[in-house]
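Computed over heavy atoms, backbone and side chain alike; hydrogens, waters and symmetry mates excluded. Residue numbering restarts at 1 for every chain, and letters A, B, ... go by the order of the sequence lines.
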Amino acid sequence: MVISGASALSVRVFASSQSWIESDAVDQCHRVAALDGMRHVAGMPDLHPGKGAPIGAAMLSSVLYPFLVGSDIGCGIAVFPIKLKRPNLERLAARFPDLDRALTPDDELWPDEIPADHPESLGTVGRGNHFVELARVDEVMQEGRVGKGDLVLIVHSGSRGLGESILRAHTEVHGAGPAADPAAYLEAHDQAVRWGSLNRRLMAERVAHALGAATAEPIVDECHNFVEVRDGLYLHRKGAARGIGNDVLVAGTRGTPSYLVAGHAGAEANFSVAHGAGRKMSRSDALRRNKAKHTVTELRRTAVGSLVVCGDRQLLFEEAPTAYKRIEQVIGDLVAHELATPVAVTIPLVTYKTRDR
DNA sequence: ATGTGC
């Protein structure tokens, strides 16, 4: 849908009529489009309402607005090839390391240099929709990246407390207003982006090491919460990855497939692709409805046979597959709008959310 | 989303 008129608001949502997009999220896109300096708002097929700003949107503006990126600056998804001899799911799930415990300088994996001099919570996954997943490549549509049957680690996490502190420092003074000193914000932002990427790599190394496997360079590592300077304008991405010749892992849920796609989005889509299935229910709705619908046992052993490591019952209900849209629909919309082409499908084997207790 | 808010 293209909505523009006397107000010159430019909003486009890349979703078919069959895709459920909450009107609150579209309203948020229009409010963002009315901000000073805003040129164009592109909603991805996983668009859903966020706190103030929509999630699953790329927003191009001559003015830099930190709140459009949000607190988890540098959040993204990386994919690491991993080789295991004979994957026994129960045994592997039990061997996952404690990713709620931060690395310390005593750890073998402790890096020589840490962006932003922020050693706190390094190597931890966080909460919410973050996860580390061992998955198997189930189908290959385009050769050259992964092969059918290959195992991968999918790491979805961000900059933890660092990005939050960067946004808070801005918000305390300027609220939802523009960055008073864009260069200073961008410098801190860039460090959070590097910190997030390092964090994902460290988690992959922690897991691979615990599972007795070798680590490899990621085949994909794309942020979906960041701002990019493009032709002198600020392209804010909030739950929207770059999709300009690069591959992106579009995450399904803890119980459904994920898709590796090749992005080829243009200006109308603000050069972006979706980052996941997108929430269909708010966390509170998901908690209430899924408590009535599922047992903990069901959610810990999913419909595709995967195991979910999650010692937090509430998080398990909030993150249940039924709280999300169908990933096939999101991918279908990306394809229909020529934003991306599927490369491979992965099926979860073991997903780590938070330590078992 | 968050060394988590009232």
Worksheet item: Roughly, in whole Å, what's the span from CD in A/Glu172 to P in B/dT2?
Response: 18 Å
Worksheet entry | Any pair counted as side-chain hydrogen bond (donor to acceptor under 3.5 Å, both in side chains), so long as it reaches residues 70-85 of chain A, sequence neighbours left out | A/Asp72-A/His130
Worksheet entry | Residues within residues 108-128 of chain A bordering DNA chain B, heavy-atom distance below 4.0 Å | A/Glu120, A/Gly126, A/Arg127, A/Gly128
Worksheet item: Can you list the residues that meet the ring-ring contact (aromatic ring centres under 6.0 Å, His included) rule with A/His209, with sequence neighbours excluded?
Response: none
Worksheet item: To the nearest Å, how far apart are A/Glu318 CD and B/dT4 C1'?
Response: 12 Å
Item to complete: In whole angstrom, give the distance that lies between atom CD of A/Glu164 and atom P of B/dG5.
Response: 8 Å
Discussion item. Using a heavy-atom cut-off of 4.0 Å across all strands, would you classify A/Arg168 as base, sugar-phosphate, or nothing?
Written reply: nothing
Worksheet item: Partners of A/His275 by ring-ring contact (aromatic ring centres under 6.0 Å, His included), sequence neighbours excluded?
Response: A/His224
Discussion item. Please list all pairs meeting salt bridge (Lys or Arg N to Asp or Glu O under 4.0 Å) that have one or both residues in residues 173-202 of chain A, counting only residues at least two apart or in different chains.
Written reply: A/Arg200-A/Asp221, A/Arg201-A/Glu205
Discussion item. Within this structure, what is the CG-CZ distance for the pair A/Asn270 and A/Arg39, rounded to the nearest 0.5 Å?
Written reply: 11.5 Å
Worksheet item: Rounded to the nearest Å, what distance is computed from the CD atom of residue A/Gln314 to the P atom of nucleotide B/dT2?
Response: 15 Å
Worksheet item: Of all residues at least two apart in sequence or in a different chain, which pass the salt bridge (charged side-chain N to carboxylate O under 4.0 Å, His left out) check with A/Asp333?
Response: none
Worksheet item: For A/Arg160 and B/dG3, what is the distance between atoms CZ and C1' respectively, to the nearest whole Å?
Response: 8 Å
